[in-house]
Engineer: 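So that we are looking at the same thing, I have put the structure below in structure tokens.
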2 protein chains.
Amino acid sequence: MGLDDSRHALNRILELTVLLNDDMARDLARRGLTGSRAHLIWELRDGSPRTQNGLAKALGVSPRTITGLVDGLVARGFVTREPHPHDRRAALVTFTKKGERASRALERDHIALAHKIFDDMPATTFRGFTRGLDEVIARLRETLATKGEHRAR
Amino acid sequence: MGLDDSRHALNRILELTVLLNDDMARDLARRGLTGSRAHLIWELRDGSPRTQNGLAKALGVSPRTITGLVDGLVARGFVTREPHPHDRRAALVTFTKKGERASRALERDHIALAHKIFDDMPATTFRGFTRGLDEVIARLRETLATKGEHRAR
DNA sequence: AGCTCATAGTGAGCTAGACTCATAATATTG
DNA sequence: CAATATTATGAGTCTAGCTCACTATGAGCT
């Protein structure tokens, strides 16, 4: 395939990332959330009381950043910090009612988006897309891994 | 197609956006650039002397933000502010030698990435992917337009 | 028991990117 | 010429990352 084709395809992918980002950011804003805060809630969704350290590892972000995100979510009433039963150092980040509602709303939004994108797509197109997508992701993973080796030296 | 399939596909797309972001951010950091600053350089690439206002519209960002981005690029020697020949209010953001080199490097990186992702992908897979991708983008555009109407009311 | 080391969280201070609002300087137009 | 529009920036805010230093506590080893 020609180079121009692959460049064009890459540009389309980048266009997609921008569109997705905009769409999701707007939905989140409507619910009083930012991307990072929503990400935290999303993580909290499976296994609600979590320590901040656990969240830091799950989100791939420093513990200090979690402190800030949790501060924001506490201020807006989505979560509370509860004492850990066995470890007085740790705080358990716990959903409030509002937080649980928001968590379910995020899930609904996610499903609705998947619907909107894929529902009336012909099955063959869908399969062709996902097949290619898997390959693209695999190539990207390779690339990242290779560069990671360099850095590790 | 089942709901689970579309949800899974959406998750894969999100995974892709994260991978792409990481990969590009790392390349940019290697060149002393951030995503936003690179974006500005990318825009400057086609039609080098540009006013900040023009850049603001091109990047879809407030003029004040451009001031900040240009400040950063000037401090690092990628661009200069030159006086506009006919309008003493406006500054023309202009590449330095270093900026031009960086601009070409970004282009090379872009091409290399497209290569890495698509080069050894079977043509049928590639076509299937781009076809689906076009549809996905179209659906997203629709969604955004619909919501935009709401906001416009 | 006591000492050392590790872990959980936060304060302080930095960079970066985005916004608004107000303002200065300059263009444009009636 | 006077009113209005445009270009850029200062001031101040918010979010989201980071590191480094520090407190409090937990765990393990003599």
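Residue numbers start from 1 in every chain, and the chains themselves are labelled A, B, ... in the order their sequence lines are given, proteins ahead of strands.
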Engineer: Under 3.5 Å, is there a donor on one side chain and an acceptor on the other for A:Thr146 and A:Thr143?
Structural biologist: no
Engineer: Applying the side-chain contact (heavy atoms from CB on, under 4.5 Å) criterion to B:Glu43, which one of B:Ile41, B:Leu40, B:Asp46 satisfies it?
Structural biologist: B:Asp46
Engineer: Tell me the closest heavy-atom pair linking A:Ile66 and A:Leu59, and the distance in Å.
Structural biologist: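 Shortest heavy-atom separation between A:Ile66 and A:Leu59 comes out as CD1-CD1, 4.1 Å.
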Engineer: Tabulated below should be each protein N or O lying under 3.5 Å from an N or O of nucleotides 1-6 of chain D; please produce it.
Structural biologist:
from, atom 1, to, atom 2, distance (Å)
D:dT6, O2, B:Arg89, NH1, 2.6

Engineer: Checking the side chain of B:Thr125 only, and the main-chain atoms of B:Met121 only, is there a donor and an acceptor separated by less than 3.5 Å?
Structural biologist: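 Not a single qualifying donor-acceptor pair exists.
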Engineer: Report yes if a side-chain nitrogen or oxygen of A:Arg88 is closer than 4.0 Å to either non-bridging phosphate oxygen (OP1 or OP2) of C:dA8; otherwise report no.
Structural biologist: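 So the side-chain polar atoms of A:Arg88 never come under 4.0 Å of the phosphate oxygens OP1 or OP2 of C:dA8.
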Engineer: Below 3.5 Å is the cut-off: list the nitrogen or oxygen pairs between protein and nucleotides 21-24 of chain C, distance only.
Structural biologist:
none

Engineer: So, does B:Ser62 get its side chain near the phosphate of C:dT20, meaning an N or O under 4.0 Å from OP1 or OP2?
Structural biologist: no
Engineer: Just how far, in rounded Å, is C1' of D:dT15 from CG of A:Leu33?
Structural biologist: 13 Å
Engineer: Quickly work out the B:Leu40 CG to D:dA8 P distance and round it to whole Å.
Structural biologist: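 These atoms are roughly 12 Å apart.
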Engineer: What pairs meet the side-chain hydrogen bond (donor to acceptor under 3.5 Å, both in side chains) rule with one or both residues in residues 95-107 of chain A, with sequence neighbours excluded?
Structural biologist: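 Output for this query lists A:Arg45-A:Glu107, A:Glu107-B:Arg7.
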Engineer: Which residue pairs pass the ring pair (Phe, Tyr, Trp, His ring centres under 6.0 Å) test with at least one member in residues 54-112 of chain A, sequence neighbours excluded?
Structural biologist: A:Trp42-A:His110
Engineer: Should A:Thr51 be listed as having a side-chain N or O under 4.0 Å from OP1 or OP2 of C:dA8?
Structural biologist: no
Engineer: Without decimals, in angstroms, what is the distance between B:Leu55 CG and D:dT7 P?
Structural biologist: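 Answer to the nearest Å: 12 Å.
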Engineer: Could you tell me how far apart A:Asn21 (CG) and D:dA16 (P) are, to the nearest whole angstrom?
Structural biologist: 13 Å
Engineer: Using only side-chain N and O atoms of A:Ser36, determine if any of them is under 4.0 Å from OP1 or OP2 of D:dG17.
Structural biologist: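 For D:dG17, OP1 or OP2 has a side-chain N or O of A:Ser36 closer than 4.0 Å.
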Engineer: Rounded to whole angstroms, how far apart are NE2 on B:His86 and P on C:dT28?
Structural biologist: 11 Å
Engineer: With a 4.0 Å cutoff (strictly under), does any side-chain N or O of A:Gln52 reach OP1 or OP2 of C:dT7?
Structural biologist: no
Engineer: Parallel, tilted or perpendicular: which one describes the rings of A:Phe129 and A:Phe118, with boundaries at 30° and 60°?
Structural biologist: tilted
Engineer: What is the distance, to the nearest angstrom, from the CZ atom on A:Arg37 to the P atom on D:dC14?
Structural biologist: 11 Å
Engineer: Would you jot down, in residue-number order, the residues of residues 66-85 of chain B having a non-hydrogen atom under 4.0 Å from DNA chain D?
Structural biologist: B:Thr67, B:Arg81
Engineer: Any pair with a residue in residues 44-75 of chain A that passes ring pair (Phe, Tyr, Trp, His ring centres under 6.0 Å), sequence neighbours left out, goes on the list, sorted by first then second residue, please.
Structural biologist: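 Applying ring pair (Phe, Tyr, Trp, His ring centres under 6.0 Å) to every pair that reaches into residues 44-75 of chain A, excluding sequence neighbours, yields nothing.
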Engineer: So which atom in B:Arg12 and which in A:Ile137 form the shortest heavy-atom distance, rounded to 0.1 Å?
Structural biologist: O-CD1, 3.4 Å
Engineer: Does B:Thr65 make a side-chain N or O approach to OP1 or OP2 of C:dC19 shorter than 4.0 Å?
Structural biologist: yes
